[in-house]
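Read the structure below first, then the notes.
Below, all heavy atoms of this structure are taken into account, side chains as well, without hydrogens, waters or symmetry copies. A, B, ... follow the sequence lines: proteins, then strands. Residue 1 opens every chain.
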Number of protein chains: 2
Amino acid sequence: MKPVLHPDIADIEAAAVFAALADPTRLAIVLAMAEAEEFESRCSSFTDFGSPSLLTYHFNKLREAGVTRVRAAGTSRYVSLRREDLDARFPGLLDSIIATARRDPSVPRIPEGRLIAL
Amino acid sequence: MKPVLHPDIADIEAAAVFAALADPTRLAIVLAMAEAEEFESRCSSFTDFGSPSLLTYHFNKLREAGVTRVRAAGTSRYVSLRREDLDARFPGLLDSIIATARRDPSVPRIPEGRLIAL
DNA sequence: TCAAAATTTCAATGATCATTGAATTTAGGG
DNA sequence: CCCTAAATTCAATGATCATTGAAATTTTGA
């Protein structure tokens, strides 16, 4: 299993972060993670947003941009927001992004009550 | 002269704003406008960032996303950030974006001393 | 009315994007 | 050891992107 690669904090670029959030599906994923109770979520919790294959694609974009972290455990993968890292690199940005997504009803949402499970 | 169209505040979408900022050249333009003394700048002040034709393209993207406002006067055009509108729609977002661009050295900059003229 | 300046338009280019679906890999549990 | 669940890989698709350069447009000032 090839290791999952993440950019160093210093290599996270503003334009790349915005590009990662430019897609409604990815913005929805980030919002769902921010809204979730748990620190990390299983990737397969996001099936509402697309097929497994498509989710792999979007999770890669988010990870490569430095927005998320992915941890492999057994046959599953767990995603989380890189809160500390992003706050260190661009203070306040992540919170601002989340607040923005919250205010925009056009960002897709997981049906009320459905959980982002661990 | 066909009028310049701007989206209503309510129609500004988060993903569209992020898409507008996803390009290094456009992020540089926004940063330069934020850094400028004046409220608005003549479009031709940004020639450092590309050819006239290319600038038209990028200014259109920014305007269509709701990030900037364009005013035509004579043979010139004047761009400005839609500060109030963006603050109303997504409070804090624009400031956060500007602070983020400032912190990222990879965002292109106009050579020190060169002005964004009116 | 002419000429120059500022900007747009247009077509063409190659690159990257989001999406699909089928085939494959990976790892754990019985 | 096999079965199954979870996820990736891969190729193919059409759409949109950023960029170029040449031609057209618009408007003002001489």
Side-chain angles (χ1 to χ4, degrees), chain A residues 1-6 13 15-30 40-65 67-80 106-108 115-118, chain B residues 1-6 13 15-30 40-65 67-80 106-108 115-118:
Chain A
M1 21 74 267
K2 72 177 62 163
V4 189
L5 296 182
H6 300 86
E13 295 196 356
V17 170
F18 292 134
L21 302 168
D23 181 90
T25 298
R26 288 195 294 266
L27 196 49
I29 290 174
V30 168
E40 58 182 5
S41 323
R42 223 218 311 323
C43 284
S44 53
S45 304
F46 297 85
T47 49
D48 281 317
F49 297 133
S51 67
S53 159
L54 184 55
L55 287 180
T56 294
Y57 171 77
H58 285 307
F59 281 129
N60 281 342
K61 292 272 170 183
L62 288 169
R63 177 179 48 78
E64 287 159 12
V67 176
T68 59
R69 177 189 297 104
V70 175
R71 175 177 70 88
T75 151
S76 294
R77 300 199 159 210
Y78 296 87
V79 224
S80 52
S106 81
V107 176
L115 285 194
I116 297 290
L118 253 189
Chain B
M1 25 70 266
K2 74 177 60 165
V4 190
L5 296 181
H6 300 87
E13 295 195 357
V17 171
F18 292 134
L21 303 168
D23 181 271
T25 299
R26 287 195 294 267
L27 195 49
I29 289 172
V30 168
E40 58 182 6
S41 322
R42 206 207 270 88
C43 286
S44 54
S45 305
F46 298 85
T47 48
D48 281 317
F49 297 133
S51 68
S53 160
L54 183 55
L55 287 180
T56 293
Y57 171 78
H58 285 308
F59 281 130
N60 281 342
K61 292 272 170 184
L62 288 169
R63 177 179 47 78
E64 287 159 11
V67 175
T68 59
R69 178 189 298 103
V70 176
R71 176 177 70 88
T75 152
S76 295
R77 300 201 161 210
Y78 297 87
V79 225
S80 52
S106 81
V107 176
L115 284 194
I116 297 290
L118 251 188

Between the protein and nucleotides 17-19 of chain C, which nitrogen or oxygen pairs come in under 3.5 angstrom?
| unit_1 | atom_1 | unit_2 | atom_2 | d |
| --- | --- | --- | --- | --- |
| C:dC17 | OP1 | A:Lys61 | NZ | 3.4 |
| C:dC17 | OP2 | A:Lys61 | NZ | 2.9 |
| C:dA18 | OP1 | A:Arg26 | NH1 | 3.3 |
| C:dA18 | OP1 | A:Arg26 | NH2 | 2.8 |
| C:dA18 | OP2 | A:Arg26 | NH1 | 3.2 |
| C:dA18 | OP2 | A:Tyr57 | OH | 2.4 |
| C:dT19 | OP2 | A:His58 | NE2 | 2.8 |

Report all interatomic pairs (protein N or O, nucleotide N or O of nucleotides 1-5 of chain C) with separations under 3.5 Å.
none

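Atoms CG (B:Asn60) and P (D:dT16) sit 16 Å apart, rounded to a whole Å. As a whole-Å value, the separation of A:Phe59 CZ from D:dT8 P is 9 Å. Residue B:Leu5 contributes atom CG, which lies 13 Å from atom P of C:dT8 at whole-angstrom precision. What separates CZ of B:Arg42 from C1' of D:dT28 is a distance of 13 Å, to the nearest Å.
Residue A:Arg77 places none of its side-chain N or O atoms closer than 4.0 Å to OP1 or OP2 of C:dT26.
Across all strands, A:Ser76 comes closer than 4.0 Å only to sugar-phosphate atoms, never to a base (heavy-atom distances). Here B:Thr56 lies in heavy-atom contact (under 4.0 Å) with a base.
Residues satisfying the salt bridge (charged side-chain N to carboxylate O under 4.0 Å, His left out) test with A:Arg69, not counting sequence neighbours, are A:Asp85. Checked against side-chain hydrogen bond (donor to acceptor under 3.5 Å, both in side chains), B:Ser106 has the following partners two or more places apart in sequence or in another chain: B:Asp104. Every residue two or more places apart in sequence or in another chain that forms a side chain to side chain contact (heavy atoms under 4.5 Å, CB included) with A:Ser76 is listed here: A:Arg42, A:Tyr78. Residues that satisfy the side-chain hydrogen bond (donor to acceptor under 3.5 Å, both in side chains) test with B:Thr75, not counting sequence neighbours, are absent from this structure. With sequence neighbours left out, B:Phe49 forms a ring pair (Phe, Tyr, Trp, His ring centres under 6.0 Å) with no residue at all. Considering only residues two or more places apart in sequence or on other chains, A:Ser51 meets the side chain to side chain contact (heavy atoms under 4.5 Å, CB included) condition with A:Ser53, A:Leu54.
Taking the nucleotide of DNA chain C with the nearest heavy atom to each of A:Gly50 and A:Ala73, the more 5' of the two is matched to A:Gly50.
Residues in residues 46-60 of chain B take part in these salt bridge (Lys or Arg N to Asp or Glu O under 4.0 Å) pairs, two or more places apart or across chains: B:Asp48-B:Arg114.
Counting heavy atoms from C-beta on, the side chains of A:Val4 and A:Arg77 come closer than 4.5 Å.
Classified by interplanar angle (parallel below 30°, tilted 30° to 60°, perpendicular above 60°), the ring pair B:Phe18/A:Phe18 is parallel.
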